[in-house]
Amino acid sequence: RIFKRQMQCRMDIDRLNAPFLSIYDSLIPTEEEKAKQKQLFTLLERLVTKEWPEARLYIYGSCGNSFGVSKSDIDLCLAIDEANINKSEFLLRLADILQSDNLQNVQALTRARVPIVKLMDPVTGISCDICINNVLAVINTKLLRDYAKIDARLRQLAFIVKHWAKSRGVNETYHGTLSSYAYVLMCIHFLQHRRPAILPCLQGMQTTYSVTVENVECSFFDQVDKLRDFGSHNKEPIARLVWGFFNYWAYSHDYANFVISVRTGSLISKREKDWTRRVGNDRHLICIEDPFEISHDLGRVVDKYSIKVLREEFERAADIMQYDANPCVKLFEPYVP
Ligand code: GTP
Ligand code: MG
């Protein structure tokens, strides 16, 4: 009887595959939108290299890592190999140049935690942030993009999770919840842990790509075309993975003792990282290790209030997946305070 019930549950969950996939499809940027992003990038690249021929412009964040939904802003990083440039002066100069080329709403935010220039392109309607020398972000963007190429289910899962997080108001680091980057790492970790595994641990494999940035050695296996079959032993479709993801964070994860680590493809103990207590503003209530800056906990923004909000949202989502008649609607219902 138990076996029969389990089979019944699976079939119940599997009825959600089609609706989840159509939500996923509706979130993907169109080719037209991607062409517009490219057009803006080319324009900005031209303006920048005219002024600083040795500088290079890179895309990072969701437009570069393949986890960007339609209508995302573009995150750009200007890499310039000059020791001791004055970032503020540089950004102000950049803002001047962009303004004289008819870009709109140009603003240099020189006092922000990550100083940037913001702008909007009236031709494509796309907004964009440009930061300077944040090269680690460019490398972690590549890592995420490479993971996405291995198994299509990662992109599906991450789009659904990001969409859920935005709808429920738990994708706001300034309110103590998690960044999109953190959610994607949680999805990668989750798929590394499925049995059979759906994703490998690229940083634990032979090195085929290696760069050293800000004294951090970033190396991993990036010939991901060779890994296209990696997850094929696991046939779980998207609905079961969404169900599993929320159940993991609602009822299985041991928040008190463990750190999730995409770098090692496993859980590591909080004690080992010395993340057992509050240090300064970092409370380590949910621990997500950055794959390259390993002293960096992406959960550091979460405080004793927002951890409760987050965990209640994971439980809400898991319970909806389990019991609700129409989870695909209820899951994404906007949070109203
Ligand atoms: P959306 O804009 O919400 O679609 O997602 P996004 O992928 O652009 O995410 P987010 O704004 O969270 O982060 C943008 C990029 O900044 C990420 O892809 C990372 O490359 C980088 N990033 C974000 N947070 C951190 C961080 O704490 N440390 C480092 N090293 N990089 C980060
Ligand atoms: Mg972004």
>> Tell me the closest heavy-atom pair linking Lys270 and Tyr255, and the distance in Å.
In response: NZ-O, 3.0 Å
>> How about CZ on Arg271, more than 12 heavy atoms from neighbouring residues, nucleotides or ligands closer than 6.0 Å, or not?
In response: no
> How far apart are the closest heavy atoms of Arg263 and Ile268, and which atoms are they?
Replying inline: NH2-CD1, 4.0 Å
>> For residues Leu92 and Leu57: do they belong to one hydrophobic cluster (side chain heavy atoms under 4.5 Å, members Ile, Leu, Val, Met, Phe, Trp, Tyr)?
In response: no
> Would you say Glu54 has more than 12 foreign heavy atoms packed within less than 6.0 Å of its CD?
Replying inline: yes
>> Under 6.0 Å between ring centres: does that hold for Phe258 and His253?
In response: no
> Relative to Phe67, does Lys162 satisfy both conditions: NZ or CZ under 6.0 angstrom from the six-membered ring centre, and within 45 degrees of the ring's axis?
Replying inline: no
>> Ring-plane angle category for Tyr183 and Trp164, please: parallel below 30°, perpendicular beyond 60°, tilted otherwise.
In response: perpendicular
> For atom CZ of Arg111, is the number of surrounding heavy atoms from other residues, nucleotides or ligands below 6.0 Å larger than 12?
Replying inline: no
> Do Asp229 and Ser232 have side-chain atoms, one donor and one acceptor, less than 3.5 Å apart?
Replying inline: no
> Among Gln192, Lys142, Arg155, which one satisfies side-chain hydrogen bond (donor to acceptor under 3.5 Å, both in side chains) with Tyr147?
Replying inline: Gln192
>> Looking at every non-hydrogen atom in both residues, tell me the closest pair between Thr177 and Glu172 and how far apart they are.
In response: OG1-N, 2.9 Å
